[in-house]
Amino acid sequence: MPDDTPSLPDFTRWPSFPFEGEMRVKRLNDAVAVEPPRHGEDAADCVACNTPDDSYIWVSERWRVRGMDRPTGLPMVLILECRSHLDLGDLPNLLAAELGVMTVRLERAIRSLDGVARVHVNRWGDGSAHLHMWFLARPLGRLQLRGTFLSLWDDILPVIPEEQWLENLALVAAWLAGFGGRAIAEPPHIHWESPSTFGAEPTAADEEDAQPSSGSGDDGGIGRVNGGVSEAEAGPGDTDEAGHGDGALAGFGGGARAGQGDAAELRPEDAVEAEPGRVVEAGRTPGPQNVTTGQP
């Protein structure tokens, strides 16, 4: 009896194909006359329509983005959905145009993550009737994962750490929120415990060290400390020692110098009067980049 089993296609020998060894092609089932309905054909039974916003990582008036319910093997797997109960071919012109913008925007957000080389965008549409676009991030340097079989590798690769996954979700949500909508995903919270020495009785030496120095009293605001950096140092144009501007200072709770012991004091004799209520450091020209406001 002749063997009518189809031979294996060429892609089974591609480096990206995730399986090897003895394989054979499944027998093709007969075609059906009428296809069964997809999940959620009726909006009343649609999972997407009945899922609240807090299950998504980012939402807007007409679009929502959700992740998987747990980490998987890829750095990021996300789904873009429209709020309206529509499929791809049913989108009106406004939503069709926005779909293009949202696709590019979400691809850029995922590609901005550390360790992501490419983002694969897929739409199958055989499972759920509600429009949903898949975005799968290919890890940087993993050339074997290039191409068609990335979605298969997602179930094969070791699961990424949950903390990294949550951080990636929050970063993508924040990126999208920069263009509008609302970010719902948040970065993982730091689990901080105070050292047990905090409960110890202070010694005489500790109390002596805790006494304020002569230059850090009430000296017109010049020596007062705000978040580890004196207010005279934390002007809108000052930079930290690494050359970062005030945005970097604000992002780290007071600057790179914060937390390195007492902040450097600016004594009254080291400052010159620029305008009423403003001082600048000696030897610097008053200007918008180095003028700081003295506190009364």
From CD1 (I184) to CZ (R66), nearest 0.5 Å: 13.5 Å

According to side-chain hydrogen bond (donor to acceptor under 3.5 Å, both in side chains), who are the partners of S128, at least two apart in sequence or on a separate chain? none

What closest approach, in Å, do I160 and G73 show between heavy atoms, and which atom pair accounts for it? CG2-O, 3.7 Å

Do V25 and M23 sit in the same hydrophobic cluster, where Ile, Leu, Val, Met, Phe, Trp and Tyr count as joined when their side-chain heavy atoms come under 4.5 Å apart? yes

Does a sphere of radius 6.0 Å around CD in E41 hold more than 12 heavy atoms from other residues, nucleotides or ligands, not counting ones at 6.0 Å or beyond? yes

Might you point out which heavy atoms bring A43 and C49 nearest each other, and give the distance in Å? O-CB, 3.9 Å

For W58, what residues pass the side-chain hydrogen bond (donor to acceptor under 3.5 Å, both in side chains) criterion, not counting sequence neighbours? none

Does the side chain of L113 come within less than 4.5 Å of P75's, by heavy atoms? no

Step through the shown structure and confirm whether more than 12 heavy atoms of other residues, nucleotides or ligands are within 6.0 Å of CD on E163. no

Any L99 side-chain heavy atom under 4.5 Å of L88 side chain: yes

Side-chain heavy atoms of R62 within contact of L94, under 4.5 Å: yes

Using the rule that Ile, Leu, Val, Met, Phe, Trp and Tyr join whenever any side-chain heavy atoms are under 4.5 Å apart, tell me whether L169 and V172 fall into a single cluster. yes

Cluster overlap V121 with V116, hydrophobic side-chain contacts below 4.5 Å: yes

Does CG in N93 sit with more than 12 non-hydrogen atoms of other residues, nucleotides or ligands closer than 6.0 Å? no

Working to the nearest 0.5 angstrom, can you tell me the gap between L78 CG and I57 CD1? 4.5 Å

Side chains of M68 and I79: does their closest heavy-atom pair fall under 4.5 Å? yes

Shortest non-hydrogen separation from V47 to T51 and the atoms involved: O-OG1, 2.6 Å

Enter the distance from L80:CG to R105:CZ here, rounded to the nearest 0.5 Å. 11.0 Å

To check you understand the geometry: which heavy-atom pair defines the closest contact between W63 and L95, and what is its length? CZ2-O, 3.4 Å

Do you know the tightest heavy-atom contact between A174 and A183? N-CB, 4.2 Å

Using the rule that Ile, Leu, Val, Met, Phe, Trp and Tyr join whenever any side-chain heavy atoms are under 4.5 Å apart, tell me whether V119 and L145 fall into a single cluster. no

Are L152 and W124 connected in a single hydrophobic cluster, I mean Ile/Leu/Val/Met/Phe/Trp/Tyr linked by side-chain heavy atoms less than 4.5 Å apart? yes

Let me see the working for F135 and T103 under side chain to side chain contact (heavy atoms under 4.5 Å, CB included), right down to the final yes or no. CA-CA 9 Å; F135 293 74; T103 299; 4.0 Å; yes

Distance from N122 atom CG to M133 atom CE, nearest 0.5 Å? 8.0 Å

For the side chain of R146 and the backbone of R118, is there at least one donor-acceptor N/O pair under 3.5 Å apart? no

Check whether any side-chain heavy atom of L86 sits under 4.5 Å from a side-chain heavy atom of L131, and report yes or no. no

For F17, check ring-ring contact (aromatic ring centres under 6.0 Å, His included) against everything at least two apart and list the hits. F11, F19, F149

Suppose we screen for side-chain hydrogen bond (donor to acceptor under 3.5 Å, both in side chains). Which residues come up paired with H85, at least two apart in sequence or across chains? H130

Close side-chain approach of L136 to S151, heavy-atom, < 4.5 Å: yes

Is any side-chain heavy atom of W175 closer than 4.5 Å to a side-chain heavy atom of I110? no

Distance from C46 atom SG to H39 atom NE2, nearest 0.5 Å? 11.5 Å

In this structure, are over 12 heavy atoms from other groups packed under 6.0 Å from D114 atom CG? no

Looking at V65 and Y56, what are the two nearest heavy atoms and their distance? O-CB, 3.2 Å

Holding to salt bridge (charged side-chain N to carboxylate O under 4.0 Å, His left out), I want the full list of residues that pass it with D87, two or more places apart in sequence or in another chain. R38, R123

Could you check R83 against V59 for side chain to side chain contact (heavy atoms under 4.5 Å, CB included), going step by step and ending with a plain yes or no? CA-CA 9 Å; R83 282 192 181 272; V59 297; 3.7 Å; yes

Quick check for you: to the nearest 0.5 Å, what is the distance between D53 atom CG and R182 atom CZ? 5.5 Å

Before giving the answer on side chain to side chain contact (heavy atoms under 4.5 Å, CB included), spell out for T148 and W14 the whole-Å C-alpha distance, their side-chain angles and the decisive distance to 0.1 Å. CA-CA 10 Å; T148 309; W14 293 357; 4.2 Å; yes

Distance-only, no hydrogens or angles: does the W153 side chain make a donor-acceptor pair with backbone N or O of S16 under 3.5 Å? yes

side-chain hydrogen bond (donor to acceptor under 3.5 Å, both in side chains) involving D155 - partner list, sequence neighbours excluded: none

